[in-house]
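Read through the structure below, which is laid out as structure tokens, and then see the notes.
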2 protein chains.
Amino acid sequence: MVVDALTDEEVNRIFRALADATRRDIVRRTLLADISVSSLAHAYDMSFAAVQKHVAVLEEARLVTKEPRGRERMVRGVPERLRQAQRLLDDLELIWRARTDRLDALLSESPPPEKG
Amino acid sequence: MVVDALTDEEVNRIFRALADATRRDIVRRTLLADISVSSLAHAYDMSFAAVQKHVAVLEEARLVTKEPRGRERMVRGVPERLRQAQRLLDDLELIWRARTDRLDALLSESPPPEKG
DNA sequence: GTAACGTACAACTTTATGGTTGTAGATGCG
DNA sequence: CGCATCTACAACCATAAAGTTGTACGTTAC
């Protein structure tokens, strides 16, 4: 059952967000534990604003969420979104498998049971 | 056993390549069957050169390969590369699972067997 | 209250992306 | 051969991405 079909634009954002090593690292850290934007920023050799932007990209892709906690914003990874991304790759692989299955059928013992 | 660890740059290219609807469609088609660049180009409302560029991006990400066949270049999807991408997402999900497992352990019957 | 901290946001620069057109080189066909 | 097809590649344009600095504002701590 399809819970929520992703639009092309959403898929674009998800993969685009994952196409950067810093952002992938942020996803890793925020899956491990909630962490504030400033704590994240300390981990990388770039400005606070740059890290802030990376978090924003991840947030637009819904790969992380931000939750206010005092003066900080705690960032949290969203595993559901990762699973959605996996499904997209699964779907592609299924296409491949269908092709090989078709080929296997052709090469197997019996000729096609019906023909034109 | 790790067959071939991907560099950050390779991972970037893979996800970047997948972050475009046209390119994802090209991957689908080339997983289904080998198809020439010009045949691909007919399928989209853009110039041949544009499609050529998309194929080049996918080729640099090693998501497809090109094989000369007469005057055509047959494009073929590379399912192994998709599986590598899946593994990357799997690894991230594992991090999440480790976190929940830790939490489950804390919340389960017995208190931690050792403490500070 | 004031100072320090954490964040938000705007402006700007540089580089990459996604598209175009145009030209030229191979290959296949009549 | 001569022509159409398929591809490669360069040049160009518009827009987006990734980084910077600077400013402003809410929250916490003293």
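A note on names: the letters A, B, ... follow the listed sequences, proteins ahead of strands, and every chain is numbered from 1. Atom set for the values below is all heavy atoms of this structure, side chains included, hydrogens, waters and symmetry mates excluded.
The interatomic distance linking B:E67 (CD) with D:dT7 (P) rounds to 13 Å, in whole Å. Per the geometry, CE belonging to A:M74 stands 17 Å off P belonging to D:dT27, to the nearest Å. Atoms CG (A:L58) and P (D:dA18) sit 10 Å apart, rounded to a whole Å. With rounding to whole Å, B:N12 atom CG is found 10 Å from D:dA18 atom P. Taking atom CD1 of residue B:I26 and atom C1' of nucleotide C:dG18, one finds them 12 Å apart after rounding to whole Å. Separating the CZ atom of A:R13 from the C1' atom of C:dT17 is a distance of 17 Å, rounded to the nearest angstrom. Distance, B:E59 CD to D:dC9 P: 10 Å, rounded to whole Å. The CD-P distance, from A:E9 to C:dG18, rounds to 12 Å in whole Å.
Across all non-hydrogen atoms, the minimal contact from B:V51 to B:Y44 is CG2-CD1, 4.1 Å.
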**Study point:** Secondary structure of DNA chain D in dot-bracket form (Watson-Crick or G-U wobble, distances below 3.5 Å, | marking inter-strand pairs)
**Key:** ||||||||||||||||||||||||||||||
Protein-nucleotides 19-23 of chain C N/O pairs closer than 3.5 Å?
unit_1, atom_1, unit_2, atom_2, d
C:dG19, OP2, B:H54, NE2, 2.2
C:dG19, N7, B:K53, NZ, 3.1
C:dG19, O6, B:K53, NZ, 2.2
C:dT20, OP1, B:S47, N, 3.4
C:dT20, OP2, B:S47, N, 2.9
C:dT20, OP2, B:S47, OG, 2.6

Short heteroatom pairs, N/O only, protein and nucleotides 25-30 of chain C, under 3.5 Å:
unit_1, atom_1, unit_2, atom_2, d
C:dT27, O2, B:R71, NH1, 3.3

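With no hydrogens or angles considered, a side-chain donor-acceptor pair links B:R81 and B:Q84 at under 3.5 Å.
Remark: the backbone N or O of A:P68 is not paired with any side-chain donor or acceptor of A:R73 at under 3.5 angstrom. Between the side chain of B:R29 and the backbone N or O of B:A43, no donor-acceptor pair lies under 3.5 Å. Within the 3.5 Å criterion, the main-chain N or O of A:V57 finds no donor-acceptor partner in the side chain of A:E60.
Contact annotation: A:K66 side-chain N/O to C:dT7 OP1/OP2 distance is not under 4.0 Å. A:Q52 has no side-chain polar atom (N or O) that falls below the 4.0 Å cut-off from OP1 or OP2 of C:dC9.
For A:S36 and A:R16, each mapped to the nucleotide of DNA chain C holding its nearest heavy atom, the one lying further toward the 5' end belongs to A:S36.
Rounding to the nearest 0.5 angstrom, the gap separating the CG atom in A:L89 from the CZ atom in B:F15 is 7.0 Å. Atom CZ of residue A:R83 and atom CG of residue B:L92 lie 12.0 Å apart, to the nearest 0.5 angstrom. If you take CZ on B:R97 and CG on B:D90, they are separated by 8.0 Å, rounding to the nearest 0.5 Å.
Residue A:L31 forms a side chain to side chain contact (heavy atoms under 4.5 Å, CB included) with just one option from A:L82, A:L63, A:I26, and that option is A:L82.
Side-chain atoms of A:T30 and B:W96, non-hydrogen and from C-beta on, never get closer than 4.5 Å to each other.
In A:R99, the CZ atom is crowded: over 12 heavy atoms of neighbouring residues, nucleotides or ligands sit closer than 6.0 Å.
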